[in-house]
Amino acid sequence: MTEPILKVSDLSVYYNKKKALNNVSMDFYPNEITALIGPSGSGKSTLLRAINRMGDLNPEVSLTGTIIYNGHNIYSPRTDTVELRKEIGMIFQQPNPFPMTIYENVVYGLRIKGIKDKQVLDQAVEESLIGASIWDEVKDRLHDSAVGLSGGQQQRVCIARTLATSPKIILMDEPTSALDPISAGKIEDTLYGLKDKYTMLLVTRSMQQASRISDRTGFFLDGNLIEYGKTKEMFMNPKHKETEDYITGKFG
Ligand SMILES: Nc1ncnc2c1ncn2[C@@H]1O[C@H](COP(=O)(O)OP(=O)(O)OP(=O)(O)O)[C@@H](O)[C@H]1O
């Protein structure tokens with residue numbers, strides 16, 4: 001039996017007094033894509049942000065429960081959040097390349113680590129851009145600005161930037177919803193191709209996307225995890241009426 005790489009237990013998250021996640025427990029497995037689905041405001045992004053400790057700087061956010069990664073509670077005072085975010089990277093809905101060249105975007109995290117060796121950086125750029133399925137499109141203009149790329153290309157450069165820091169887990173908050181269908185399809189193929197090396201959590205509004213590329217799916221409603229299981233089983237045979245209504249488009 002495969003051990004989970006990440007274990008969320010009894011997690012509740014509050015914005016001031018408002019409870020946005022209610023006692024959620026979920027195990028995530030290595031080399032799988034887990035889709036998080038549910039209507040707007042159901043708590044999906046709140047869960048992703050909690051896993052990356054993105055609420056740390058917001059005094060309105062408080063949290064109970066545990067998130068165990070690598071045998072440690074990531075909310076332990078001993079956790080170094082900079083290190084944590086290298087291991088657990090995040091991709092956002094809007095592509096957010098830095099206003100610098102494609103090359104410098106990809107090596108950003110490595111430069112922060114103090115890596116200066118050009119050969120090491122060049123190799124990381126090539127490998128990361130290949131992993132993000134954009135090498136062929138940009139290999140002849142690595143020193144052009146990343147901001148000049150199309151939205152879909154920018155998003156793949158952002159994926160490459162995350163891959164360059166060698167994360168174990170990649171959190172993605174609707175990474176294709178700001179993109180046209182062809183660019184979205186390319187990103188989906190890219191993510192599917194990355195499963196061998198990474199574990200991914202994917203918030204998505206697209207039921208087709210969840211059913212095409214995820215191994216497991218969690219359905220959220222009003223901060224509660226209503227149903228969690230293998231994607232094929234959940235889509236073929238949902239156990240809860242709310243899940244069925246949502247995946248068949250009756251609400252949300
Ligand atoms: N920074 C914040 N301050 C206050 N309330 C917030 C904040 N972020 C989210 N919330 C509230 O927490 C609840 C869960 O929001 P969350 O963004 O996690 O939902 P979601 O399922 O990701 O929705 P969407 O699909 O619209 O992004 C909502 O009621 C939302 O209004």
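Residues: numbered from 1 along the sequence shown. Note that ligands are numbered from 1 as they come in the structure, with each ligand's atoms numbered from 1 the same way. These values consider heavy atoms only, across backbone and side chains, with no hydrogens, waters or symmetry-generated copies.
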>> The test is side-chain contact (heavy atoms from CB on, under 4.5 Å); show your working for Glu137 and Leu149 and say whether it passes.
In response: CA-CA 10 Å; Glu137 285 162 68; Leu149 298 170; over 6 Å; no
>> For a salt bridge (charged side-chain N to carboxylate O under 4.0 Å, His left out) check, start with the C-alpha distance between Arg111 and Glu104, then their side-chain angles and the critical distance, and finish with the verdict.
In response: CA-CA 9 Å; Arg111 289 214 190 274; Glu104 286 303 322; 2.7 Å; yes
>> Pair Lys19, Ser12 - check side-chain contact (heavy atoms from CB on, under 4.5 Å), show working.
In response: CA-CA 7 Å; Lys19 201 173 194 182; Ser12 294; 3.5 Å; yes
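Residue-to-ligand polar distances keep Glu60 apart from ligand 1: every N/O pair is separated by 3.5 Å or more. The N/O atoms of Asn58, backbone and side chain alike, include none that comes under 3.5 Å of an N/O atom in ligand 1. When only interatomic distances are considered, the shortest N/O to N/O separation between Gly41 and ligand 1 falls below 3.5 Å. Below 3.5 Å of separation, one finds an N or O of Gly43 facing an N or O of ligand 1.
For Lys232, the NZ atom counts as loosely surrounded, since its 6.0 Å shell holds 12 or fewer non-hydrogen atoms of other residues, nucleotides or ligands.
Defined by atom type and a distance below 3.5 Å, a donor-acceptor pair is present between the side-chain atoms of Ser45 and Asp173. A donor-acceptor pair shorter than 3.5 Å can be found between the side chains of Tyr15 and Thr46.
Close approach of ligand 1 to Glu174 is summarised as follows: ligand atoms under 4.0 Å from at least one heavy atom of the residue are 25 (O). Near Arg49, meaning under 4.0 Å from any of its heavy atoms, are these atoms of ligand 1: 8 (N), 9 (C). Interface atoms of ligand 1 facing Thr46, defined by a heavy-atom separation under 4.0 Å, are 14 (C), 15 (O), 16 (P), 18 (O). Those atoms of ligand 1 with a heavy atom of Pro39 less than 4.0 angstrom away are 21 (O).
The shortest heavy-atom contact between Cys158 and Pro97 is SG-N, 3.6 Å.
Closest protein heavy atom to atom 1 (N) of ligand 1: Tyr15 CE2, 3.7 Å. Among protein heavy atoms, atom 26 (O) of ligand 1 sits closest to Ser40 OG, 2.6 Å. Summary of contacts: the protein heavy atom closest to atom 31 (O) of ligand 1 is Lys18 CE, 4.4 Å. Given atom 25 (O) of ligand 1, the protein heavy atom at minimum distance is Lys44 NZ, 2.9 Å.
Leu179 and Leu171 end up in different hydrophobic clusters when Ile, Leu, Val, Met, Phe, Trp and Tyr side chains are linked at under 4.5 Å.
Among Ile67, Thr162, Asn52, the one residue that satisfies the side-chain contact (heavy atoms from CB on, under 4.5 Å) test with Ile88 is Asn52.
Residue Gly223 places no heavy atom under 4.0 Å from ligand 1. The closest approach between any non-hydrogen atom of Gly38 and ligand 1 is not below 4.0 Å.
When Ser42, Ser45, Ala50, Ser177 are ranked by how near their heavy atoms come to atom 27 (O) of ligand 1, first place goes to Ser45.
Salt bridge Glu244/Lys241: absent, no basic N to carboxylate O contact under 4.0 Å.
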